[in-house]
Enquirer: 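Sending over a structure as structure tokens; questions will come in a sec.
Below, chains carry the letters A, B, ... as their sequence lines are ordered, and counting in each starts from 1. These numbers come from a predicted model, not from an experiment. Just so it is clear, the values below take in all heavy atoms, side chains as well, and ignore hydrogens, waters and symmetry mates.
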Amino acid sequence: MATDDKADDIHEVERKTYDIHAVEQKWQDYWLRDNTFHANDDSPKPKFYVLDMFPYPSGAGLHVGHPEGYTATDIVSRYKWMNGFEVLHPMGWDSFGLPAEQYALQTGVPPAITTKKNIDNFRRQIRMLGLAYDWDREVATTDPGYYRWTQWIFLQLFKNGLAYQTEIPVNWCPALGTVLADEEVTADGTSERGNYPVERRPMRQWMLRITAYADRLLADLDGLDWPEPIKEMQRNWIGRSEGAEVDFAVEGVADTLKIFTTRPDTLFGVTYMVLAPEHPLVARITTPAQAEAVRSYVTTASRLNDQSRTDATREKSGVFTGAYAINPVNGARVPIWVADYVLISYGTGAIMAVPAHDQRDFEFAKAFDLPIIEVVSPDATPRGVGETALTIEGVAVNSGAYDGLTTAQFKSRIAADLEARGIGKLAVKYRLRDWVFSRQRYWGEPFPLIHKADGSIVAVPEAELPLMLPEVGSYQVAGNGESPLATIEDWVSVKDPATGEEVGRRETHTMPQWAGSCWYFLRYIDPKNSDRLIDPAKESKWMPVDLYVGGAEHAVLHLLYSRFWHKFLYDQGVVHTLEPFQKLVNQGLILGEDGQKMSKSRGNVVNPDDVVAKFGADAMRVYEMFMGPLEVVKPWNTQGIVGCRRFLDRIYRMCEGPLSEDPAPLALRRTLHQTIRKVTQGIEAMRFNTAIAQMMILVNEAAKDPVRYREVSQTLVLLVSPWAPHVGEELWERLGHAPSIVKASWPTFDPDLCIEDEIKVIFQVNGKLRDDAMVPRDTSDEELERLAFESDKVLRHLEGRPVRKVIVVRNRLVNIVN
RNA sequence: GCCUGGGUGGCGAAACGGUAGACGCAGGGGACUUAAAAUCCCCCGAUCGCAGGAUCAUGUGGGUUCGAAACCCACCCCAGGCACCA
């Protein structure tokens with residue numbers, strides 16, 4: 001009830017000032033009709049490419065979090081237009097995805113229909129906010145004209161050996177008859193939907209060899225203007241580590257056991273070896289006596305999902321194979337174990353265990369009563385084994401001829417020695433894994449691949465792209481882990497047109513949602529090209545993206561996948577920049593009024609439709625930018641918009657009635673120029689909140705003068721127009737100018753005028769404020785000191801003690817220390 | 001556990017190492033009005049004081065400095081990310 005009363009109050013405001021909704025509608029219609037924000041490929045002006053992370057068009061429509069980033073880029077776009085740039089600011093739809101498919105399962109409505117409806121709603125809402133997009137360049141990843149090129153890129157990856165099939169363990173849910181993503185599996189190993197048991201089951205998957213680009217993905221981060229934490233997250237995700245590969249002979253077997261270690265300097269401390277349960281050597285080296293125990297352990301390990309497998313707090317488990325390895329540095333005979341704390345997917349899937357200097361090995365050795373040998377000491381003196389592993393770098397002990405070497409010296413010496421003997425070499429490993437690129441779903445891009453009867457896989461000819469996603473009768477999964485596509489025999493079976501004989505069967509997996517979002521920013525540049533992905537001339541005009549704004553939740557996956565594809569396209573000569581996104585900014589989440597994350601279940605979701613209906617799009621835009629710094633997480637407060645609405649109304653009134661053509665009084669002009677400076681710098685630095693505060697200061701000051709000066713009012717309209725474009729256009733027109741205001745020039749400031757000529761200087765005694773005085777700018781140090789000692793308040797606080805020191809900072813303060 | 005951010009009034013927040021709390025919300029008082037709304041003006045960190053003013057205050061404890069919200073060390077709390085990666 002209380003909020004309804006507030007809403008009525010606001011409608012009262014509207015009648016008093018102007019018809020907000022009529023004005024907003026008028027200008028939205030104008031922009032569409034005039035195609036105001038069309039980016040001209042042939043423009044001689046310098047380009048500026050501003051990109052938003054395009055949304056998944058969900059059934060729920062926009063929430064107030066979307067417009068935050070969109071408004072930020074919109075302000076920058078409009079500002080750049082006004083500064084003489086040709087701005088590319090497009091919008092589109094990341095429209096493949098699970099929700100539409102799940103909705104289809106429940107209702108039978110095809111995802112294509114649902115998706116179109118949702119896109120229409122998103123487009124309506126985005127236009128309602130007055131965002132300056134070039135609608136001629138709209139793209140949707142579900143459009144065959146778009147995914148044709150997603151498929152084309154995949155084919156190039158395939159042809160270059162960067163796409164391959166493999167059997168990997170996936171989350172298989174027998175009850176649902178489908179494969180689940182990790183996010184769809186709960187911590188206790190059941191499905192999020194329905195709570196059915198989920199098991200690990202090896203299944204055929206398509207993989208992309210992103211690891212082949214690991215070094216470049218890491219190295220090229222350095223040159224990017226991205227938030228440092230995001231770069232750091234990507235570095236950690238890639239996880240480069242330098243070490244050595246060492247071959248251990250296995251007693252009585254021809255096979256060698258290859259391990260990776262970052263601490264080859266601890267080779268003398270090896271007391272056992274560990275193989276991952278999936279390691280191929282396990283079956284070959286296990287002795288008959290241990291066979292049953294090993295088989296049982298391996299089976300148990302295979303049942304655990306990745307989450308519990310990699311839970312570091314679990315107690316160590318493992319089993320002895322009965323086999324022994326020979327340490328190449330000292331000939332020591334060490335037992336080979338199998339344990340699930342070693343992962344098959346990292347390094348060589350096998351380790352040498354040095355319990356004295358690795359915490360995991362230490363815990364394992366304690367659990368199974370294995371020996372622990374100290375080989376590193378901080379100061380060359382052995383100090384015995386303690387209660388934890390000593391993982392520091394230091395000086396070698398108990399290491400034969402290597403004793404006394406520092407860790408770094410040891411590492412380079414041993415690498416050379418092992419290499420000379422042909423049993424080891426320096427090696428670099430990455431934590432990054434290849435990308436599981438297939439999904440057993442309907443609503444995604446089909447793979448343009450055909451499996452032939454002889455087991456070979458051939459690409460669909462490029463001329464036949466797009467390979468259309470067929471309509472399907474039922475969205476139920478096939479039940480055997482294949483996608484619904486597998487049930488459409490007509491589509492799956494590829495027949496020779498002449499003979500009618502089956503020549504092959506189509507791949508029924510589809511691509512993940514990430515695929516379409518990996519390259520959409522390229523298609524905006526040349527959205528209707530049916531001959532190629534992008535015209536090279538246009539590509540070289542617009543790329544790279546100058547500013548990319550979106551949520552930090554995409555810090556790793558989307559941004560890493562996208563960079564990978566971009567580097568591949570660079571290698572293919574499709575694009576001319578090594579990196580797609582020069583500058584990246586993450587907007588912070590907007591929380592509900594209760595300070596909690598907005599969610600339907602909490603009932604704290606704020607709908608932009610309601611906000612715009614009550615306050616108008618301009619007030620909402622200003623408020624979202626006024627709430628605080630863009631990057632910060634902040635709670636929504638509907639009451640707070642009132643102040644922004646008032647601010648816009650006051651600007652409106654400043655432009656009503658007769659305007660004086662006289663120059664404004666000096667003090668007001670000074671504030672005006674300070675405001676131009678602050679707002680200009682604020683947009684450049686994307687500090688939108690303090691820029692608004694400064695405009696409010698100007699409005700407050702201007703209102704004190706009964707005369708309305710054109711100089712002030714008109715400049716203010718220009719300054720505020722990127723935030724409040726409808727008010728901007730309307731007032732610009734009322735002030736006698738032709739639309740659009742983005743074609744007007746951004747105001748400039750006079751730096752001399754920004755400087756005050758009377759300055760308040762403070763007087764401190766022992767660092768505490770005691771008095772102040774107004775003085776002309778650049779008053780000399782001597783004069784300032786003299787004035788300070790004239791102050792009664794200062795003298796009182798000196799309390800007659802002798803002055804020890806006087807610090808004078810010109811135009812700022814005098815501090816007297818006694 | 002590790003890596004990032006971040007803790008400032010009732011609330012959202014400002015503050016090149018130099019007057020802490022700009023600007024806005026909420027709150028209080030006043031003007032206008034028959035009345036209300038809108039609008040306009042004033043006050044608004046805490047404590048003490050009639051007041052001039054004083055003292056305290058930016059998560060906690062130390063330190064550097066003439067001077068610290070800001071820089072350094074230790075700790076506590078919150079958010080995000082990673083988590084047996086050899």
Side-chain angles (χ1 to χ4, degrees), chain A residues 8-10 12-17 227-233 235-237 239 241 243 259-263 266 274 307 309-314 316 339-343 345-354 357-361 363-364 429-433 552-553 555-556 586 588-589 595 622-623 626-629 631-644 646-647 649-650 653 687 689-697 699-700 703-704 760-772 793 796 804-809 811-818:
Chain A
D8 290 344
D9 295 350
I10 296 309
E12 195 66 33
V13 184
E14 287 166 33
R15 276 196 294 280
K16 290 278 179 162
T17 51
E228 205 47 52
I230 300 287
K231 291 208 252 184
E232 198 54 30
M233 277 163 71
R235 286 189 192 106
N236 292 339
W237 190 266
S241 80
I259 58 96
F260 173 72
T261 178
T262 54
R263 292 297 298 268
T266 60
V274 185
Q307 273 180 5
R309 263 292 286 276
T310 57
D311 179 0
T313 59
R314 249 171 83 238
K316 294 282 178 290
D340 66 2
Y341 82 91
V342 173
L343 309 174
S345 50
Y346 182 77
T348 61
I351 61 154
M352 62 178 212
V354 185
H357 305 290
D358 181 284
Q359 188 57 29
R360 298 152 301 186
D361 298 345
E363 287 165 17
F364 191 86
K429 298 288 175 195
Y430 296 93
R431 219 187 63 105
L432 182 70
R433 307 289 151 82
E553 66 272 20
V556 176
N586 292 119
L589 209 61
V622 172
Y623 173 64
F626 186 59
M627 289 170 75
E631 316 79 36
V632 161
V633 178
K634 42 208 175 286
W636 180 266
N637 175 12
T638 298
Q639 194 57 47
I641 310 176
V642 173
C644 296
R646 284 187 196 136
F647 165 62
D649 291 342
R650 296 182 86 187
R653 275 184 250 119
R687 286 211 301 270
N689 53 332
T690 50
I692 295 168
Q694 180 62 39
M695 288 190 276
M696 287 173 167
I697 290 169
V699 169
N700 290 344
K704 286 178 188 150
K760 191 203 264 181
V761 168
I762 59 161
F763 300 144
Q764 297 177 326
V765 176
N766 297 321
K768 288 193 177 187
L769 173 68
R770 295 305 177 188
D771 201 2
D772 56 54
K793 291 171 187 167
R796 191 177 342 130
R804 289 196 292 149
K805 197 170 179 182
V806 178
I807 289 116
V808 182
V809 181
N811 295 328
R812 233 175 245 290
L813 59 79
V814 178
N815 186 15
I816 301 165
V817 184
N818 75 343

Enquirer: Drop me the distance from A:Arg235's CZ to A:Glu228's CD, to the nearest 0.5 angstrom.
Expert: 5.0 Å

Enquirer: Looking only at atom types and distance, does a side-chain atom of A:Lys316 sit under 3.5 Å from a main-chain N or O of A:Asp361, one as donor and one as acceptor?
Expert: no

Enquirer: What's the closest nucleotide to the side chain of A:Arg653 if the choices are B:rC23, B:rA26, B:rC40?
Expert: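 In terms of side-chain proximity for A:Arg653, the closest of B:rC23, B:rA26, B:rC40 is B:rC40.
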
Enquirer: Base, sugar-phosphate alone, or nothing: which one does A:Ser345 contact when heavy atoms must sit under 4.0 Å apart?
Expert: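 The residue A:Ser345 makes no contact with any strand.
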
Enquirer: Starting from C1' on B:rC84, measure out to OH on A:Tyr346 and report it in whole angstrom.
Expert: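 Taking OH of A:Tyr346 and C1' of B:rC84, I get 12 Å after rounding.
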
Enquirer: Considering heavy-atom distances to RNA chain B, does A:Thr262 or A:Gln694 have its closest nucleotide positioned more toward the 5' end?
Expert: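 That would be A:Gln694.
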
Enquirer: What interatomic distance, in whole Å, is found between C1' of B:rC42 and the corresponding atom of B:rU47?
Expert: 24 Å

Enquirer: Given atom CD of A:Gln764 and atom C1' of B:rA68, what is their separation to the nearest angstrom?
Expert: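 To the nearest whole Å, that distance equals 12 Å.
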
Enquirer: State which of B:rU19, B:rC84, B:rC23 makes the closest approach to the side chain of A:Ile697.
Expert: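 Out of B:rU19, B:rC84, B:rC23, the nucleotide with an atom closest to A:Ile697's side chain is B:rC23.
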
Enquirer: What is the distance, to the nearest angstrom, from the CG atom on A:Asn586 to the C1' atom on B:rG6?
Expert: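 The distance from CG of A:Asn586 to C1' of B:rG6 comes to 16 Å, rounded to the nearest Å.
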
Enquirer: Which value, rounded to the nearest 0.5 Å, describes the distance between A:Asn766 atom CG and A:Ile816 atom CD1?
Expert: 9.0 Å

Enquirer: A side-chain contact here means heavy atoms from C-beta on lying under 4.5 Å apart; do A:Ile641 and A:Trp636 qualify?
Expert: yes

Enquirer: Can a side chain N or O of A:Arg235 be found less than 4.0 Å away from OP1 or OP2 on B:rC82?
Expert: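 The answer is no; no side-chain N or O of A:Arg235 sits under 4.0 Å from OP1 or OP2.
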
Enquirer: Please give, in whole Å, the distance from B:rA68 C1' to A:Leu813 CG?
Expert: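 The answer, rounded to whole Å, is 14 Å.
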
Enquirer: Using the six-membered ring wherever Trp is involved, compare the ring planes of A:Tyr341 and A:Phe364 and label them parallel, tilted or perpendicular (cut-offs 30° and 60°).
Expert: tilted

Enquirer: Regarding A:Lys793, tell me which of base, sugar-phosphate or nothing describes its non-hydrogen contacts under 4.0 Å with the strands shown.
Expert: sugar-phosphate

Enquirer: Using a 6.0 Å distance limit plus a 45 degree cone around the ring axis, check whether A:Lys793 lies over the aromatic ring of A:Phe763.
Expert: no

Enquirer: Let me check I have this right: for RNA chain B, each base becomes ., (, ), [, ] or |, based on Watson-Crick or G-U pairs with both distances under 3.5 Å. What is the full string?
Expert: (((((((..(((.....[....))).(((((.......))))).((((....))))..(((((..]....))))))))))))....

Enquirer: For A:Lys768, report the nucleic acid contact type (base, sugar-phosphate, nothing); a contact means any heavy atom under 4.0 Å.
Expert: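 Here A:Lys768 touches the backbone only, sparing every base.
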
Enquirer: Starting at atom CZ of A:Arg770, determine the distance to atom P of B:rG52, rounded to an integer number of angstrom.
Expert: 16 Å

Enquirer: Hey, does A:Val274 reach any base, or is it just sugar-phosphate, or nothing, if we go heavy atoms under 4.0 Å?
Expert: nothing

Enquirer: Given the C1' atoms of B:rG9 and B:rG28, what is the spacing between them in whole Å?
Expert: 16 Å

Enquirer: So if I take every side-chain heavy atom of A:Ala693 and compare against B:rU19, B:rC23, B:rA86, which nucleotide ends up nearest?
Expert: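 Nearest to the side chain of A:Ala693 among the choices is B:rC23.
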
Enquirer: Are there more than 12 heavy atoms of other residues, nucleotides or ligands under 6.0 Å from atom CZ of A:Arg433?
Expert: yes

Enquirer: Just call it for A:Asp361: base, sugar-phosphate, or nothing, with non-hydrogen atoms closer than 4.0 Å on any strand.
Expert: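 Touches nothing.
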
Enquirer: Which value, rounded to the nearest 0.5 Å, describes the distance between A:Met627 atom CE and A:Asn637 atom CG?
Expert: 8.0 Å

Enquirer: Does one side chain, of A:Arg431 or A:Asn236, offer a donor that lies under 3.5 Å from an acceptor on the other?
Expert: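 There is no such pair between these side chains.
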
Enquirer: Indicate syn or anti for B:rG5, taking the glycosidic torsion and treating anything within 90° of 0 as syn.
Expert: anti

Enquirer: Relative to the 5' end of RNA chain B, which residue comes earlier, A:Asn236 or A:Arg646, by the nucleotide with the nearest heavy atom?
Expert: A:Asn236

Enquirer: For the side chain of A:Leu343, starting at C-beta, report the closest nucleotide among B:rG18, B:rA26, B:rA86.
Expert: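 For A:Leu343, the side-chain atoms sit closest to B:rA86.
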
Enquirer: Could you give the CE-to-C1' distance, from A:Met352 to B:rA86, as a whole number of Å?
Expert: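 Distance, rounded to whole Å: 9 Å.
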
Enquirer: Find the distance A:Arg431:CZ to B:rA86:P and express it as a whole number of Å.
Expert: 9 Å

Enquirer: If you check every side-chain atom of A:Val817, which of B:rC66, B:rA83, B:rU19 has the closest atom?
Expert: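 Among B:rC66, B:rA83, B:rU19, the one nearest the side chain of A:Val817 is B:rC66.
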
Enquirer: If I take atom CG in residue A:Asp771 and atom C1' in nucleotide B:rG53, what distance separates them, rounded to the nearest angstrom?
Expert: 12 Å

Enquirer: Classify A:Asn815 by what it touches in the nucleic acid, base, sugar-phosphate, or nothing, heavy-atom distance under 4.0 Å.
Expert: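 The residue A:Asn815 makes base contact.
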
Enquirer: Under 4.0 Å from OP1 or OP2 of B:rC23: is there any side-chain N or O of A:Arg650 that close?
Expert: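 No.
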
Enquirer: Can a salt bridge be assigned to the pair A:Glu363 and A:Arg314 using a cut-off of 4.0 Å between side-chain N and carboxylate O?
Expert: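 Here A:Glu363 does not pair with A:Arg314 in a salt bridge, since their nearest N and O are not under 4.0 Å apart.
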
Enquirer: Across nucleotides 12-17 of chain B, 5' to 3', mark each nucleotide with B, S or - according to how protein heavy atoms within less than 4.0 Å reach it.
Expert: BSS-B-

